[in-house]
Trainee: 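Take this structure, written in structure tokens, and hold onto it; I'll ask about it next.
Atom set for the values below is all heavy atoms of this structure, side chains included, hydrogens, waters and symmetry mates excluded.
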Amino acid sequence: MMELKRAGIKDAEEIWKLQTEAFAQLLARYEDYDTSPGSETMERIEIKLRQPFTYFYFMEEAEGVVGAIRVVDRKDGSRKRISPLFVMKEYRNKGYAQSAITEAEKIHGQDNWELDTILQEEGNCFLYEKMGYHRTGKSTVINEKMTIVYYEKN
């Protein structure tokens, strides 16, 4: 049974290491060094963890940490945002991302969410659409290999 455990500033290095590893393949495939969580510095993770509206959670189950999710929740009526969400390679395709989204929505409220993902990663798009997110119609071309698509859930 997977559960979310809130991370704090003391967890910055662990989050950074996990995130770097989890996004390594995508970073190599799409070469998006300016936008990928895989190229983010530990200092940037620390900055996010210090933000009063950032909630980083480890995704934990009996075997230990299987991934993490960051929720941006300003608690001011604006959309809550998932960015990033990642599952370690050996735990993918086992429902952990879906469970993490469900749990985050239980904690932060069911409505008024947004996120984005790589258009070329069809599995990600399928997951978010299955979870009730719909494409906004907005997209951003990062490079010739990669386009970001935006989702909302009301």
Side-chain angles (χ1 to χ4, degrees), residues 1-27 30 32-89 91-92 95-119 121 124-125 127-140 142 146-154:
M1 182 77 184
M2 193 281 300
E3 64 179 315
L4 297 184
K5 181 182 173 198
R6 179 93 186 259
I9 191 69
K10 68 182 180 359
D11 301 308
E13 184 174 5
E14 183 177 0
I15 291 169
W16 174 71
K17 286 178 179 177
L18 290 168
Q19 181 173 296
T20 301
E21 180 182 338
F23 283 96
Q25 281 184 310
L26 292 176
L27 182 60
Y30 297 111
D32 59 320
Y33 299 100
D34 293 333
T35 61
S36 174
S39 62
E40 202 166 50
T41 65
M42 190 172 85
E43 291 75 25
R44 185 75 186 121
I45 301 287
E46 289 173 341
I47 288 168
K48 288 179 178 180
L49 282 164
R50 286 191 171 96
Q51 294 169 330
F53 49 82
T54 283
Y55 301 82
F56 242 119
Y57 300 95
F58 288 112
M59 298 161 48
E60 292 189 345
E61 61 109 57
E63 295 178 39
V65 174
V66 299
I69 183 172
R70 175 178 172 244
V71 173
V72 176
D73 184 357
R74 297 181 188 278
K75 301 190 183 296
D76 63 0
S78 63
R79 287 197 178 275
K80 296 168 284 243
R81 177 169 181 73
I82 296 172
S83 179
L85 163 63
F86 58 88
V87 177
M88 305 312 292
K89 186 176 181 178
Y91 298 105
R92 291 181 189 154
Y96 291 119
Q98 184 173 335
S99 293
I101 293 169
T102 299
E103 290 303 308
E105 290 175 351
K106 284 179 186 174
I107 294 166
H108 294 277
Q110 298 286 319
D111 296 325
N112 209 24
W113 287 87
E114 67 181 6
L115 55 83
D116 58 67
T117 194
I118 300 169
L119 174 64
E121 291 298 313
N124 291 358
C125 295
L127 167 67
Y128 298 135
E129 290 166 15
K130 181 170 103 173
M131 297 296 297
Y133 289 76
H134 62 276
R135 289 188 195 182
T136 66
K138 180 183 171 193
S139 63
T140 303
I142 302 299
M146 180 179 147
T147 299
I148 298 292
V149 289
Y150 299 86
Y151 285 86
E152 292 180 346
K153 182 176 182 178
N154 292 319

Trainee: Report yes if some heavy atom in the side chain of N154 is under 4.5 Å from a heavy atom in the side chain of H134; otherwise report no.
Mentor: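 With C-beta onward as the side chain, the pair touches.
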
Trainee: Is it true that a side-chain atom of R70 and a backbone atom of S83 form a donor plus acceptor pair closer than 3.5 Å?
Mentor: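 Indeed, once roles are kept as given, a pair shorter than 3.5 Å links the two residues.
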
Trainee: Closer than 3.5 angstrom, by distance alone: can the side chain of K80 be matched with the main-chain N or O of Q110 as a donor-acceptor pair?
Mentor: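 No, the answer is negative, given that no donor and acceptor are paired below the 3.5 Å cut-off.
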
Trainee: Count the heavy atoms belonging to other residues, nucleotides or ligands that lie under 6.0 Å from CD of Q25, then report whether that count exceeds 12.
Mentor: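 No, not enclosed.
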
Trainee: Yes or no on side chain to side chain contact (heavy atoms under 4.5 Å, CB included) for M146 and T35, after CA distance, side-chain angles and deciding distance?
Mentor: CA-CA 11 Å; M146 180 179 147; T35 61; 4.1 Å; yes

Trainee: Before accepting this row, confirm whether a basic side-chain N of the pair K17/E13 lies closer than 4.0 Å to the acidic partner's carboxylate O.
Mentor: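 A salt bridge links K17 with E13.
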
Trainee: Under a 4.5 Å cut-off applied to non-hydrogen side-chain atoms, are I118 and I148 in contact?
Mentor: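 Yes, their side chains come closer than 4.5 Å.
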
Trainee: Check whether E152 reaches the backbone of T136 with its side chain - one donor and one acceptor, N or O, closer than 3.5 Å.
Mentor: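 No, E152 side chain to T136 backbone: no donor-acceptor pair under 3.5 Å.
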
Trainee: Would you indicate whether the side-chain heavy atoms of Y91 and V65 approach each other to under 4.5 Å?
Mentor: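 Result no, sub-4.5 Å side-chain heavy-atom pair not found.
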
Trainee: Determine whether a donor-acceptor pair (N or O, by modelled atom type, separation under 3.5 Å) exists between the side chain of W16 and the backbone of E43.
Mentor: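 The answer is no, because no donor-acceptor pair under 3.5 Å joins these two groups.
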
Trainee: So does F53 get a backbone contact from the side chain of Q51, meaning a donor-acceptor N/O pair under 3.5 Å?
Mentor: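 A pair under 3.5 Å: no.
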
Trainee: Is a side-chain donor or acceptor of R135 paired with a backbone partner of Y151 at a separation under 3.5 angstrom?
Mentor: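 Not at all, since once roles are kept as given, no pair shorter than 3.5 Å links the two residues.
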
Trainee: Quick check: does any side chain N or O of K153 sit under 3.5 Å from a backbone N or O of M131, one acting as donor and the other as acceptor?
Mentor: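 Looks like yes, one N/O pair under 3.5 Å.
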
Trainee: With the side chain counted from C-beta on, respond yes when D11 and F56 share a heavy-atom pair under 4.5 Å apart, and no when they do not.
Mentor: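 The answer is no; the side chains never approach within 4.5 Å.
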
Trainee: Between E21 and K89, does any NZ, NE, NH1 or NH2 come within less than 4.0 Å of an OD or OE carboxylate oxygen?
Mentor: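 Answer for the salt bridge query: no.
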
Trainee: Would you call V71 and I107 a side-chain contact if the rule is heavy atoms closer than 4.5 Å?
Mentor: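 Side-chain contact under 4.5 Å: no.
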
Trainee: Indicate yes or no: at least one non-hydrogen side-chain atom of M59 is less than 4.5 angstrom from one of S99.
Mentor: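 Answer no - side chains too far apart.
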
Trainee: If we check side chain to side chain donor-acceptor pair (under 3.5 Å) with R79, which of these qualifies: D73, N112, D111?
Mentor: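 Result for side chain to side chain donor-acceptor pair (under 3.5 Å) with R79: N112.
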
Trainee: Report yes if the side chains of Y57 and E103 come closer than 4.5 Å at any heavy-atom pair, otherwise no.
Mentor: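 Side-chain contact under 4.5 Å: no.
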
Trainee: Any side-chain heavy atom of D32 within less than 4.5 Å of one from L27?
Mentor: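 In short, these two side chains touch, coming nearer than 4.5 Å.
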
